[in-house]
Amino acid sequence: MLQTTTLPLVEAFPFLLETRYQAVLVLLLVPILTYIVTSIRSAIAVYGTCERKPPILPYWIPWLGNLIAAGNPAKLAEDITKRFGFSTPVRVRVGPVKGYLVSDASHFDVLLRGARNLNSSPGVILMLRNIFAVPQEACDFYSEDNSGIASTPLPGTTIPPHNRMAHLRHSAATKYLYGPHLRNMTDRFVKNYTKQISEFTEVGSEWVTYPDLVVWLQRFMFQAATSSLMGEHVFRINPDFSDDFWEFVSHLPTLVKAFPRWMNPKAWEARGRCLRTIEKWHKHAWENVDHSTDDDDSVEYEEFFGARIMRVRYNYARKMERMSDEARAAEDLAMVFAANANAVPAATWFILEFLRDPELLTRVRAEIDLARLPAEKEGELPRFDVTKLCEGVLLQSVWAETLRLRVTLALIRAPEKQDFKLGDWLFPKNDLIFLSSRTAAYNKDVWNQGYKDQEHPVDEFWADRFIVYPDDPASGPLKSPKLSSREVTEEKKKARFSTEGLAGAWVPFGGGVRMCPGRFFVKNEMMAAMALLCSCYDIELQTTEGWQPEADMRFFATGTLPPKGEIPFRIRRIV
Ligand code: HEM
């Protein structure tokens with residue numbers, strides 16, 4: 001066949017008659033043709049004017065698609081926005097998974113405020129299975145729940161009320177992490193944190209050097225936050241719970257990719273230890289709790305289950321026939337993870353930014369002092385009005401900037417009942433739509449990048465980015481006409497913190513009805529931890545001259561990126 005139809009070619013290259021060379025030719029042609037076809041399809045979508053699916057990111061290898069590029073998702077997302085700009089959603093194929101990367105702030109806003117037609121369950125179930133080892137039976141049970149997260153079930157569902165997992169999980173979180181429950185959890189966090197500092201006799205008035213700030217802070221924060229959520233008994237059941245948890249989290253990049261046990265034994269073991277701890281804690285709590293208070297919502301905290309939310313979660317999961325002990329433990333590991341895995345690295349970055357800039361630390365101390373409460377008894381550690389701390393203009397700006405720079409979440413949505421329209425773009429039913437919080441946070445079309453003679457690029461930390469100075473039209477988080485510099489006048493006193501106009505751009509907590517219900521708690525935690533640490537200790541980084549912290553990009557799209565490498569420091573008590 002080849003002989004008759006390609007005669008001139010064969011005459012010129014007689015070796016093409018050999019089968020092995022024909023195979024090589026096919027091997028070369030297939031990727032080239034695939035790339036040409038996907039590029040043409042992509043261009044048609046980009047330049048089209050009617051309602052259409054977003055353009056595909058061209059690829060060379062059929063079926064695998066952009067699989068190799070997806071090995072470095074941060075770079076992939078950056079390359080996509082460089083090539084297509086921020087306003088064009090792009091379809092990416094990674095093996096069998098086809099999804100759309102959306103980068104535009106206004107698209108984010110629409111998707112997050114979310115039409116009822118957008119479902120987040122496929123992404124949640126994927127994470128629950130891969131990261132937390134929720135058993136397959138429970139994942140199937142979750143997948144069958146088509147009743148939605150709202151109190152009123154979606155039309156057409158037959159799921160009985162006690163099996164509406166997505167709704168029960170969501171409503172517990174939105175009810176019990178706010179109001180009096182939030183105040184109670186915050187008070188407990190502060191109490192636990194203060195207790196740890198006062199019992200930490202390893203550090204006195206002499207300098208002590210530690211190899212890593214991250215590890216040092218992790219233990220303090222985890223213990224204080226987890227005790228306020230689960231009570232104290234979990235640390236009696238497993239005194240190494242903190243170490244086990246952080247080892248489990250350190251394997252997140254491979255767990256997300258669903259590596260099997262034989263490829264990832266350390267991760268599976270660490271996760272197994274956490275799961276067994278929670279299973280034992282459930283059993284212990286259920287055996288010891290006072291069952292007569294079952295439905296008493298006014299009990300905000302109880303010894304065995306801790307915060308009310310944990311008791312409520314256990315109660316509804318116990319009534320679901322297809323939730324085993326293992327599944328309940330995995331669900332609560334996800335809750336402990338939600339409460340710590342993003343919050344603790346975020347708090348570390350927050351504190352680190354002050355430690356590496358003495359001038360900023362001096363500025364913030366003034367704000368912290370304003371929130372200090374009078375001592376109740378002699379010799380007690382400093383106490384603070386956490387609400388006042390949370391109103392501090394500089395504290396809030398550094399807090400928001402830390403989250404902007406370091407949170408890299410991939411929020412996943414899928415059109416549930418029909419295709420989803422966004423402007424001229426059409427997202428087919430059931431296809432996954434990915435929203436990268438980092439892409440939004442690094443969008444140069446949106447963010448203020450400083451002054452002509454004092455630039456603050458989007459990929460660098462700028463303590464004042466979220467501060468609006470009334471005398472300075474170029475201040476504030478939004479891109480604005482550039483002035484040559486900022487005159488610092490007395491008006492500076494009236495400076496205010498602002499996230500106005502940032503809908504769809506500053507989205508560390510997502511948005512719409514599924515917005516993180518723990519956002520107020522994490523703000524309280526970060527402010528209180530910072531105020532306590534800098535009032536009780538002198539801390540000096542022991543890094544080399546000119547050192548700049550780097551984020552560990554292996555964790556891209558999993559949440560808050562932890563700092564990369566160890567950060568040595570020395571510390572001494574000052575009160
Ligand atoms: C810096 C820290 C945190 C970040 C960046 C963060 C981010 C997020 C985001 C983006 C979502 C929404 C996911 C989606 O839309 O699909 C979410 C959900 C959630 N977060 Fe957070 N979060 C943080 C801290 C916390 C804390 C401290 C808690 C608990 C005390 C918490 C509890 C939850 C829960 C329970 C959900 C699921 C809510 C539901 O089922 O509707 N988070 N978080």
Side-chain angles (χ1 to χ4, degrees), residues 108 111-114 118-128 132 142 145 148-151 164-178 181-182 184-186 188-189 221-222 224-230 249 306-310 312-313 316 331-350 399-414 432-438 440-441 504 506-529 555 557-562:
F108 261 62
L111 286 162
L112 288 175
R113 282 183 196 284
L118 288 175
N119 185 0
S120 61
S121 289
V124 173
I125 296 170
L126 198 72
M127 293 303 131
L128 285 170
F132 305 105
Y142 299 162
D145 177 6
I149 60 168
S151 336
R164 294 191 59 210
M165 182 50 134
H167 160 66
L168 290 165
R169 197 196 279 129
H170 173 76
S171 62
T174 46
K175 180 166 179 194
Y176 297 105
L177 291 173
Y178 295 102
H181 305 285
L182 169 69
N184 190 280
M185 270 178 70
T186 304
R188 285 188 180 275
F189 173 83
M221 293 285 296
F222 181 81
T226 308
S227 303
S228 68
L229 191 66
M230 302 172 83
V249 172
R308 177 81 186 140
I309 185 170
M310 300 311 282
V312 169
R313 285 169 58 87
Y316 68 64
E331 272 280 330
D332 272 355
L333 179 57
M335 182 65 207
V336 178
F337 180 93
N340 287 285
N342 289 312
V344 176
T348 307
W349 283 109
F350 183 60
W399 171 78
E401 175 72 346
T402 302
L403 297 179
R404 184 191 70 79
L405 262 183
R406 311 301 179 188
V407 173
T408 64
L409 280 156
L411 304 168
I412 305 176
R413 300 287 185 266
L432 300 179
I433 306 174
F434 292 89
L435 301 92
S436 152
S437 64
R438 184 178 166 102
W506 188 73
V507 285
F509 298 116
V513 284
R514 295 182 187 91
M515 192 172 195
C516 174
R519 62 194 183 281
F520 300 110
F521 181 64
V522 76
K523 189 172 181 186
N524 292 350
E525 271 186 285
M526 287 167 71
M527 300 292 176
F555 288 78
T558 63
T560 313
L561 299 170

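Both counts, for ligands and for their atoms, begin at 1 and track the order of listing.
- The main-chain N or O of Ser151 is found under 3.5 Å from a side-chain atom of Arg164 such that the two form a donor-acceptor pair.
- Taking each of Pro508, Ser121, Ser228 in turn, the one with a heavy atom nearest to atom 5 (C) of ligand 1 proves to be Pro508.
- The closest donor-acceptor contact from the side chain of Ser437 to the backbone of Val407 lies under 3.5 Å.
- Phe521 has its side chain within reach of Ser228: a pair of non-hydrogen atoms, C-beta onward, lies under 4.5 Å apart.
- Panel note: side chain Asp145, backbone Met165; a donor-acceptor pair is recorded below 3.5 Å.
- At a cut-off of 2.8 Å, measuring from atom 21 (Fe) of ligand 1, the protein N, O or S atoms that fall short of it are Cys516 SG, waters left aside.
- At least one heavy atom of Arg413 lies less than 4.0 angstrom from ligand 1.
- Close approach of ligand 1 to Arg514 (heavy-atom distance below 4.0 Å) involves ligand atoms 12 (C), 15 (O).
- The shortest N/O to N/O separation between His170 and ligand 1 falls below 3.5 Å.
- Atom 13 (C) of ligand 1 has its closest protein heavy atom at Leu411 CD2, 3.7 Å.
- By the side chain to side chain contact (heavy atoms under 4.5 Å, CB included) test, Ala224 pairs with Phe189, Asn192, Tyr193, Gln196, sequence neighbours left out.
- Listed by number with element, the atoms of ligand 1 under 4.0 Å from a non-hydrogen atom of Ala173 are 35 (C).
- Not counting sequence neighbours, Thr558 has no partner by the side chain to side chain donor-acceptor pair (under 3.5 Å) test.
- Listed by atom number, the atoms of ligand 1 under 4.0 Å from Leu409 heavy atoms are 7 (C), 10 (C).
- The backbone N or O of Glu331 lies less than 3.5 Å from a partner atom in the side chain of Arg313, making a donor-acceptor pair.
- Taking the side chain as every heavy atom from C-beta outward, Leu561 and Arg438 approach each other to under 4.5 Å.
- In this view, Arg404 and Glu401 satisfy the salt bridge (charged side-chain N to carboxylate O under 4.0 Å, His left out) rule, not counting sequence neighbours.
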